[in-house]
Amino acid sequence: MLFDTHAHMDDASFDADRHQLIAELPQADIALLMNPGCDLPTSQNAVALANQYDFIYAAVGSHPDAADLVNEDLIETYRNLCKNNPKVKAIGEIGLDYHYEDVPREIQQQAFRMQMQLARELDLPVIIHEREAHEDGMAIVNEFPDVKGVFHCYSGSAEMAKVLISKGYYIGFTGVLTFKNARKAVEVASSIPLERIVLETDCPYMSPEPFRGKRNDPSKLYRMAERLAEIRGLTVEEIHQITTENGKRLYRI
Ligand code: NI
């Protein structure tokens with residue numbers, strides 16, 4: 001059984017078949033699923049899904065693309081969503097994205113800090129999205145030594161992954177691991193401690209091979225497990241067991 005540690009089941013691309021897909025997940029070997037939010041509406045939808053299904057958990061937070069909407073009122077709304085829902089297990093996804101830079105960097109940094117503070121206050125792990133912002137991301141992580149979590153869809157170096165792991169973070173791998181040109185991700189996945197690796201689809205994005213370019217969904221997570229088993233020289237069953245335990249430890253489930 002697998003844990004999809006990052007799946008946007010609330011996404012509009014699942015509107016037509018969301019509940020059917022979710023109902024079929026146990027047969028697809030998906031035992032647990034974390035649905036992070038990207039802004040207030042998606043966070044609320046994530047919480048609603050988690051309240052509806054035993055094996056779905058939620059995170060609330062604003063993605064760097066929505067960082068311009070983060071203010072004290074929104075933080076208070078997130079705080080209440082966390083306090084009133086035992087199925088909310090993390091703050092996320094939060095972070096920095098300098099690739100698209102839809103929101104100015106300083107505003108992204110401010111929103112990231114405010115949400116790291118909330119995680120510290122509520123003693124919840126964080127789900128961090130960090131793209132082409134390694135230095136600034138690490139600097140903000142260093143400001144919050146008590147906060148732990150996961151760097152999802154990890155795109156940094158093996159060296160940086162090892163530093164993050166020493167600070168208590170987990171490293172999340174998506175379908176990128178299965179791409180032919182995934183040299184960097186494979187290098188990281190082969191060299192860091194197995195007990196800090198979690199698997200995720202990041203659906204509806206990042207479909208693994210041979211589904212690349214199509215809509216992704218949690219039933220395709222088995223491909224990441226197969227690839228990781230190959231990379232680490234372990235059986236698929238061992239990878240299922242280890243990464244599921246890792247996800248449960250990460251989100252305290
Ligand atoms: Ni995501």
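For ligands, and for the atoms within them, numbers begin at 1 and follow the listed sequence.
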The Ni ion (ligand 1) to nearest N/O/S of His8 less than 2.8 Å
yes

In Asp202, which N, O or S atom comes closest to the Ni ion (ligand 1)?
OD1

Between Arg223 and Glu226, is there a salt bridge with N-O shorter than 4.0 Å?
yes

Ion pair present between Glu159 and Lys162, side-chain N to carboxylate O less than 4.0 angstrom?
no

Is the distance from the Ni ion (ligand 1) to the nearest N/O/S atom of His6 under 2.8 Å?
yes

So Met206 and Phe173, do their side chains get closer than 4.5 Å, heavy atoms only?
no

Is the shortest distance from a Lys or Arg side-chain nitrogen in Glu121 or Arg79 to a carboxylate oxygen in the other one below 4.0 Å?
yes

Can you tell me which N/O/S atom of Glu93 has the shortest distance to the Ni ion (ligand 1)?
OE2

